[in-house]
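When a residue number appears, it is its place in the shown sequence, counting from 1. Whatever order the structure lists them in is the order used to number ligands and atoms, beginning at 1.
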Amino acid sequence: MKLFWIWLTFSTGLSLAVNPQRLTSGRLKQSVVPPQQWRKYSAPLPGSRIELRIGLVQPFMHVLENHIQEISDPDHERYGQHLSKSEWLHVHGIEDTNISCTPAQDWIVVTLPISLAEKMLDTNYYVWQHDDGDFTIRTTSYNLPEHLFNHIDLIQPTTMFARLSNMKTTLYMTKNNIALGSSHAKELTLITPSSDSQNDCNYTVTLNCLQSLYNTVGYQTRAHSRNSIGLTGYLEQYANQEDLKLFFADQNPGAANASLDVILINGGFNNQSAQEAGDEANLDVQFALGLSYPTPGVFYSTGGEPPFDPDQGTESNTNEPYAKWLDYIFSQDNPPLTISTSYGDHEQTVPEDYARRTCERFMALGARGVTLTFSSGDGGVGDGISDPAFQTCLTNDGKNETRFLPVFPSSCPYVTSVGGTRGIPEEAAFFSGGGFSFYVITSFDRPWYQDRAVNEFLETLGEHTYSDLFNRFGRAYPDVSAQGVNFRVFIGSKPYLISGTSASSPTFAGIVALLNDARLHAGLPPLGFLNPLLYKRGAEALNDVTVGNNPGCGTNGFNATEGWDPGLGTPNFEKLEKIVLESQMWKRSG
Ligand SMILES: *[C@@H]1O[C@H](CO)[C@@H](O)[C@H](O)[C@H]1NC(C)=O
Ligand SMILES: *[C@@H]1O[C@H](CO)[C@@H](O)[C@H](O)[C@H]1NC(C)=O
Ligand SMILES: *[C@@H]1O[C@H](CO)[C@@H](O)[C@H](O)[C@H]1NC(C)=O
Ligand SMILES: *[C@@H]1O[C@H](CO)[C@@H](O)[C@H](O)[C@H]1NC(C)=O
Ligand SMILES: *[C@@H]1O[C@H](CO)[C@@H](O)[C@H](O)[C@H]1NC(C)=O
Ligand SMILES: *[C@@H]1O[C@H](CO)[C@@H](O)[C@H](O)[C@H]1NC(C)=O
C-alpha cells in the first residue's frame with residue numbers, strides 16, 4: 001500500500017522528495033490491439049475523470065491455491081474445511097487497514113482526472129466507439145515506474161475492451177417441435193404448447209420434466225433455512241416477482257409463496273413493470289428457485305456505469321460489473337452457497353492478467369464454500385454470431401489468425417462451467433459453448449482435477465485434429481451440462497420458450513442447491529468448489545452425453561464421446577446425493 005501512496009503523491013506533484021526522472025522511466029506493463037468492433041473516436045475532454053482499479057500483486061495466492069486443492073478433494077482429510085471471510089484475508093497476509101480498498105483488499109480504487117492517470121501510466125487515453133454506438137475510454141498500452149513494476153499486477157480500465165454480453169443469444173421458437181433457428185432476445189415468440197407435450201423435456205422443458213429427468217422427484221429439503229441460492233443479473237435484466245408467481249402457478253402450485261430476495265448493487269435496479277421483465281433474469285430465477293424450492297433465492301441486480309457520453313466528459317464508465325459484484329459478495333459473511341451466472345464474453349477480449357485476477361477471486365469464493373456455476377456460452381467453438389460455416393473466428397492480437405473462441409469466465413478453472421443439451425435421450429446442443437482456454441490461470445497449464453479426463457478425450461481426438469485452432473494444454477470446459485432448449489418461462493405475464501446455456505447453468509445450480517441441502521442436513525459443510533469432486537466421482541453419478549457436437553469457425557467442433565467431451569454429463573441427483581454424503585469431512589483421529 002505504501003508504495004502506491006508514494007507513487008500517487010509523487011504523481012500528483014505533492015511530494016517533492018522523489019526523483020522526477022522516474023516519471024519518464026516507465027516500463028511497458030501491457031499493450032493490446034483493440035478488437036475490430038472498436039474505433040478511435042476522440043481524445044477525452046479535458047477535466048474528465050476516471051476510476052482506476054489498481055491490482056496489487058498477491059504474494060500469497062499460491063497458499064490459497066494449495067488450500068483449495070486440499071479442501072475440494074473428496075479424498076483429502078481437509079475436504080470441506082472452508083474458510084471464513086477473515087481467514088481468507090489472513091491467507092493473503094493482509095491485516096486490518098482502512099485504505100480505500102475493495103472489501104477483499106486486493107484492489108485499490110481511486111477516482112482521478114484522466115490527465116493525471118495518463119501521467120501516472122505514461123499513456124494516452126482515447127474515447128473509443130463500438131460498432132453498436134457505445135462509447136468507452138480506454139488505452140492500448142500503459143507503463144509503470146520501474147520501482148512499482150513488480151508490485152502491481154495490473155491497472156484497469158486501461159486495455160480491457162471486453163463487454164459482458166448476455167449468454168442467452170440463442171433463442172428458438174418451436175413449431176411442430178422443430179427449432180426454427182436463432183433470433184434475438186427481443187424477438188421472443190409467444191407459444192401455446194399443446195397439453196400433451198407439457199411434461200416431456202423432449203418438447204418443452206418444465207420443472208416437472210427436469211425433476212424426473214435429473215431424478216430429484218420426492219426429495220424433501222430439510223436444511224433450507226440454512227441454505228440459499230443466488231442468481232446474478234447484469235445489463236438491466238430485471239427479475240419480475242409477479243412472473244415468478246405465474247411460473248409457479250403454472251409449474252409448481254405448491255411453491256406459490258416462494259420468496260425471492262433482491263439485492264441492488266452499484267446502482268442496479270429491479271423495475272417491476274411487466275414490460276421491464278428480463279428474459280434472462282426471469283429464466284434464471286424461475287428455474288433455479290423452482291428446482292431448489294423451498295431453498296431461499298437471492299437475485300443480485302448489478303448496475304453498470306451510466307452510459308458514457310464522450311461529449312459531456314464527466315466520469316468514464318469502467319464497464320466491469322463482475323468486479324462490483326465480487327466486491328459486494330466478498331463483503332458478505334454468509335454468501336449463498338450456490339450462485340449461477342449466465343453472462344460472459346470471448347476470453348480474448350479480457351486481458352489475461354485481468355482474467356486471472358477475476359478467476360482468483362472466484363477461487364477465493366470457492367474456498368469459502370460457495371459453488372459457482374457459469375453458462376458455457378452459445379457459440380459452440382466459435383463466435384455464434386453467424387452461420388458456423390462462415391465464421392472467421394479471428395484473433396485480436398493483431399495477427400488475424402483463425403482460432404476457436406473460448407468464453408470467459410467459463411474458461412476460468414475455478415468455476416463450474418455448464419454446457420447445454422437437448423432432447424430425450426439427451427444430446428449435446430449444437431450451440432453449446434465448449435473448448436480450451438488459451439490462458440494459464442493456475443500454476444499448471446491444465447487444472448489438476450481434469451488432466452486425466454481431458455487427456456483421454458485428446459487421445460481420441462488425435463494430435464492433428466484442429467491442432468492450430470485450440471490450446472490442447474489449456475483449461476477445458478464445460479465441466480458438466482444440462483438441458484438448454486425450449487424452457488417454458490414467464491415474461492411480462494406470458495409464457496415463452498427460451499433456449500441457450502443460459503438455461504443450463506441455473507438448472508445445474510438448482511440441483512447443486514439440493515445437494516448442499518442434503519449435506520447440511522447430514523451435518524456436513526457445503527460443497528464449495530465442485531470440480532475436483534465431479535471429475536473424481538462424476539462418472540458414477542452423471543449421465544454421459546455421447547451424441548452431438550458444437551460447430552463453429554468453419555468446423556464441426558468437438559464430438560460428444562464417452563467420458564469428458566466438452567462436459568462430463570448431466571446430473572443424476574440421487575446418485576450425486578449418495579456421493580456427496582459419502583464425501584464426508586475426515587475426522588482427525590486422536
Ligand atoms: C486510518 O485512517 C486514519 C485517518 O484517516 C489514519 O489516522 C489511520 O492511520 C489509518 N489507519 C490505517 C491502518 O491505515
Ligand atoms: C424426441 O423427439 C424426437 C423428434 O424431435 C423424436 O425423434 C424422438 O423419438 C423423441 N424422443 C422420445 C423419447 O420421445
Ligand atoms: C401461501 O400463503 C398463504 C397466506 O399465508 C396461505 O394461505 C397459503 O396456503 C400459502 N400457499 C401455499 C401453497 O403454501
Ligand atoms: C419502470 O419501468 C416503466 C416502464 O418502462 C417506467 O415507466 C418506470 O418509470 C420505471 N420505474 C422506475 C422506478 O424506473
Ligand atoms: C485484420 O482484419 C481486419 C478486418 O478484416 C482488418 O481491418 C485488419 O487490418 C487486419 N489486420 C491484419 C494485421 O491483418
Ligand atoms: C466427429 O464425428 C464424425 C462422425 O462420426 C466424424 O466424421 C468426425 O471426424 C468427428 N470429428 C471429430 C473432430 O472428432
Side-chain angles (χ1 to χ4, degrees), residues 172-181 186 191 193-194 196-206 208-210 212-214 233 235-243 262 264 267-279 281-282 301 303-304 306-307 380-382 388-389 393 402-404 421-430 432 434-436 454-472 476 483-486 491-493 497 499 543 545-567 570:
Y172 300 95
M173 52 182 185
T174 32
K175 205 175 201 173
N176 305 327
N177 305 320
I178 294 166
L180 293 182
K186 297 296 166 207
I191 48 100
S194 60
D196 59 337
S197 64
Q198 274 262 7
N199 287 324
D200 187 345
C201 281
N202 205 23
Y203 304 105
T204 301
V205 177
T206 60
N208 268 331
C209 81
L210 285 175
S212 311
L213 183 63
Y214 296 144
L235 309 173
E236 298 171 349
Q237 277 279 335
Y238 304 139
N240 190 285
Q241 303 270 12
E242 200 51 43
D243 285 338
V262 174
L264 307 178
F269 286 112
N270 198 40
N271 189 323
Q272 290 300 295
S273 152
Q275 75 238 50
E276 297 291 326
D279 40 24
N282 277 10
S301 178
V381 292
C393 299
T402 296
R403 294 271 164 80
F404 290 164
T421 63
R422 64 175 305 162
I424 309 289
E426 289 186 272
E427 56 183 72
F430 68 88
S432 181
F436 295 75
V454 174
N455 275 330
E456 279 167 21
F457 172 79
L458 289 173
E459 268 170 37
T460 311
L461 184 72
E463 218 173 299
H464 303 296
T465 311
Y466 306 149
S467 55
D468 298 342
L469 297 176
F470 76 99
N471 170 20
R472 56 194 294 125
Q483 286 279 327
V485 174
N486 287 345
I491 303 161
S493 311
L497 289 184
S499 304
N543 314 306
V545 177
T546 57
V547 179
N549 60 333
N550 62 347
C553 309
T555 77
N556 288 325
F558 296 111
N559 286 340
T561 58
E562 269 168 39
W564 185 91
D565 55 16
T570 63

Please test Leu458 against Phe470 for side chain to side chain contact (heavy atoms under 4.5 Å, CB included), starting from the C-alpha separation and ending with a verdict. CA-CA 11 Å; Leu458 289 173; Phe470 76 99; 3.8 Å; yes
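Backbone and side-chain nitrogen or oxygen atoms of Thr465 are examined, and none is located within less than 3.5 angstrom of a nitrogen or oxygen of ligand 6. Checked by distance only, ligand 2 and Pro425 stay at 3.5 Å or farther apart across all their nitrogen or oxygen atoms. Taking distance alone, with nitrogen or oxygen atoms compared against 3.5 Å, Asn202 approaches ligand 2 more closely than that limit.
Proximity to Leu461 (heavy-atom distance under 4.0 Å) selects the following atoms of ligand 6: 13 (C). When each atom of ligand 6 is checked for a heavy atom of Tyr466 under 4.0 Å away, the hits are 13 (C).
Residues forming a side chain to side chain contact (heavy atoms under 4.5 Å, CB included) with Ser493 (at least two apart in sequence, or on another chain): Asp243, Leu246. Residues that satisfy the side chain to side chain contact (heavy atoms under 4.5 Å, CB included) test with Asn549, not counting sequence neighbours, are Pro551, Asn556, Asn559. By the side chain to side chain contact (heavy atoms under 4.5 Å, CB included) test, Ser301 is found to be paired with Tyr238, Leu264, Phe299, residues two or more places apart in sequence or in another chain being considered.
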Dump all N/O pairs between ligand 4 and the protein below 3.5 Å as a table: atom names plus distance, one pair per row.
from: ligand 4; atom 1: 2 (O); to: Asn271; atom 2: OD1; distance (Å): 3.3
from: ligand 4; atom 1: 2 (O); to: Asn271; atom 2: ND2; distance (Å): 2.3
from: ligand 4; atom 1: 5 (O); to: Glu276; atom 2: OE2; distance (Å): 2.5
from: ligand 4; atom 1: 11 (N); to: Asn271; atom 2: ND2; distance (Å): 2.9

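Using a 4.5 Å heavy-atom threshold, the side chains of Thr465 and Arg472 count as separate. Side-chain contact check for Glu242 versus Gln272: every heavy-atom pair is 4.5 Å or farther apart.
Between the side chains of Asp279 and Gln237, at least one donor N or O sits under 3.5 Å from an acceptor N or O.
Residues Tyr214 and Glu426 approach most closely at OH-OE2, 2.7 Å, considering heavy atoms.
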